[in-house]
Amino acid sequence: MIEGNNAIVTGSSRGIGKGIALELAGRGANIVVCCQSRLDAAEEVRQMVESKGVRAVVVQSDIATEEGARLVIERCVEELGGVDILVNNAGVAQFSLIQSLPDDELERTMRVNLFGYFYMAKYAVENMLARQAPGCVINISSILGMIGGAGKTVYAASKGGVTGLTVGLAREVARYGIRVNAIAPGYIETEMTEWMPEEHRDKLIPRIPMRRFGTVEEVGKAAAFLVEYATYTTGQTLVLDGGILID
Ligand SMILES: NC(=O)c1ccc[n+]([C@@H]2O[C@H](COP(=O)([O-])OP(=O)(O)OC[C@H]3O[C@@H](n4cnc5c(N)ncnc54)[C@H](OP(=O)(O)O)[C@@H]3O)[C@@H](O)[C@H]2O)c1
């Protein structure tokens, strides 16, 4: 169900979202490329998407607010005719011990990583139901939402919430042919992990059974699998972590 369908990928100006947008575009989906601040980067992704022979629209909006999320859906409907695939990917990482956590960072992390996913899903599902379209929602969570990490408690809480959103919404909309799944990456090479000092990375790699970080292309392929082939799967989380969870 990728070819000829319209996909919104939040946070697709870079990183994992860009990887997913290019994979879905390569398989024939029209793409709404979304960013919050980096419009130039999003325009570059638009050109890359269009070079694959499909349509692309760029929307700059803060999905952490309900109006911002609704704007993305409205632009997709106006320009492409409707939403078939929603990939909730835009996210922020927050690292501090709970006793030194500023309230505004707590609020921001939960707003972007969890509230934003709810708002986007709310308006995307509304459009799918109105068009009786058998759509697909993919939420990008994280293995940290399952195992946590010191200094990553708020991030883990927001990603654990994404699991609840995934199973809850999957139950609500399954009867309409709308599937809702999640992808939980481990460590993927993006700007979110670039900050890591070399010595931290050197300590981390031996704890990953596959001894490397994943790539955005690998996450893109997992998203394509969930949309195209996992047609009897809903409410599930696909883990992409090089084996961390089985170690
Ligand atoms: N990288 C990893 O190892 C890893 C592991 C597990 C899970 N994840 C999850 O995967 C997702 C993508 O991560 P990434 O590493 O690709 O991150 P990234 O490189 O930091 O990119 C983040 C993207 O989200 C967008 N964004 C941030 N806040 C936004 C807001 N309020 N409204 C709209 N867009 C917003 C950014 O837009 P601008 O470019 O305009 O700023 C950018 O496109 C996140 O949900 C993250 O938690 C990542």
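Just follow the structure's listing: the first ligand is 1, and inside any ligand the first atom is 1. The analysis underlying the following values was restricted to heavy atoms, covering all of them including side chains, and did not include hydrogens, waters or symmetry mates.
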closest protein heavy atom to atom 17 (O) of ligand 1 is M192 CE, 3.7 Å
| message | Any nitrogen or oxygen of I63, side chain or backbone, less than 3.5 Å from one on ligand 1? | response | yes
Quick note on ligand 1: atoms under 4.0 Å from a heavy atom of Y187 include exactly 3 (O)
Under 4.0 Å from one or more heavy atoms of S37, ligand 1 contributes atoms 38 (P), 40 (O), 41 (O)
Atom 22 (C) of ligand 1: closest protein heavy atom, distance to 0.1 Å, is G91 O, 3.8 Å
At under 4.0 Å between heavy atoms, what of A93 touches ligand 1? The answer is neither
Under 4.0 Å between heavy atoms, the region of V112 that gets near ligand 1 turns out to be side chain
For C35, the ligand 1 atoms with a heavy-atom partner under 4.0 Å come out as 40 (O)
When distances are taken from atom 1 (N) of ligand 1, the protein heavy atom at minimum range is T190 OG1, 3.1 Å
Can you tell me if Y123 and E66 form a side-chain donor-acceptor pair at under 3.5 Å? yes
Going by the 4.0 angstrom heavy-atom rule, the piece of R108 near ligand 1 is side chain
Nearest non-hydrogen contact to atom 8 (N) of ligand 1 from the set F115, W195, Y155, F213 belongs to Y155
Exercise. Are the side chains of I20 and I140 in touch, meaning some heavy atoms are under 4.5 Å apart?
Worked result: yes
Quick look: A184 vs ligand 1, heavy-atom contacts under 4.0 Å, and the answer is neither
Looking only at protein heavy atoms, what sits closest to atom 12 (C) of ligand 1 is N89 OD1, 3.2 Å
Exercise for the section: State plainly whether the residues R14 and E191 are in salt-bridge range, i.e. N to O under 4.0 Å. Expected result: yes
Exercise. Mark the output for E189 as yes if a heavy-atom distance to ligand 1 is under 4.0 Å, and as no if none is.
Key: no
Heavy-atom check, side chain of I183 versus side chain of T237, under 4.5 Å = no
If we number the atoms of ligand 1 from 1 as shown, the ones under 4.0 Å from a heavy atom of S61 are 32 (N), 33 (C)
The single option from I188, I205, T190 that satisfies side chain to side chain contact (heavy atoms under 4.5 Å, CB included) with F213 is I205
Worksheet item: Taking side chain as C-beta onward, heavy atoms only, is I147 less than 4.5 Å from L245?
Response: yes
Are any of the N or O atoms of I188 closer than 3.5 Å to those of ligand 1?
yes
Determine, using heavy atoms of A41 and all atoms of ligand 1, whether some pair is separated by less than 4.0 Å.
-> no
### Task
Answer yes or no: does an N/O atom from S13 fall short of 3.5 Å to an N/O atom of ligand 1?
yes
Counting from 1 in the order shown, the ligand 1 atoms closer than 4.0 Å to a non-hydrogen atom of D62 are 30 (C), 31 (N), 32 (N)
Atom 5 (C) of ligand 1 has as its nearest protein heavy atom G186 O, 2.9 Å
Check your understanding: Using 4.0 Å as the upper bound for N to carboxylate O, is an ion pair formed by E199 and K203?
Key -> no
Hey, does G11 come in under 3.5 Å of ligand 1, counting only N/O atoms on both sides?
yes
Check: N113 N/O within less than 3.5 Å of ligand 1 N/O:
no
Donor-acceptor contact present, side-chain N89 to main-chain T10, <3.5 Å: yes
- prompt: Less than 4.5 Å apart, any side-chain heavy atom of Y187 and any of M196?
  reply: yes
Here the pair of heavy atoms bringing D84 nearest to N6 is OD2-N, 2.8 Å
So for Y117 against ligand 1, with non-hydrogen atoms under 4.0 Å, the contacting part is side chain
| Close side-chain approach of N30 and N5, heavy atoms under 4.5 Å | no
Less than 3.5 Å between some nitrogen or oxygen of I16 and one of ligand 1, yes or no? yes
Discussion item. Would T193 count as being in polar contact with ligand 1, using the rule that some N or O on each side must be under 3.5 angstrom apart?
Written reply: no
Legend entry - Whether S141 lies under 4.0 Å from ligand 1, heavy atom: yes
Closest to atom 41 (O) of ligand 1 among protein heavy atoms sits R14 NH2, 2.9 Å
Numbered in order shown, the ligand 1 atoms found under 4.0 Å of a heavy atom of S142 are 6 (C), 7 (C)
Worksheet item: Any salt bridge between R212 and E189, counting N to O under 4.0 Å?
Response: no
Item checked: Lys/Arg-Asp/Glu bridge criterion (N-O < 4.0 Å) met for E43, R46 -> yes
Among non-hydrogen protein atoms, atom 29 (C) of ligand 1 lies closest to Q36 OE1, 3.5 Å
- Message: Determine whether a donor-acceptor pair (N or O, by modelled atom type, separation under 3.5 Å) exists between the side chain of Q36 and the backbone of S61.
- Response: no
Atom 26 (N) of ligand 1 sits nearest the protein heavy atom A90 CB, 3.8 Å
Query raised in the report: Side chains of T109 and E107: is there a donor and an acceptor less than 3.5 Å apart?
Result: no
*Side chain of N88, backbone of Y117: donor and acceptor closer than 3.5 Å?*
yes
Would you say the side-chain atoms of N181 pair up with the backbone N or O of T233, donor to acceptor, closer than 3.5 Å? yes
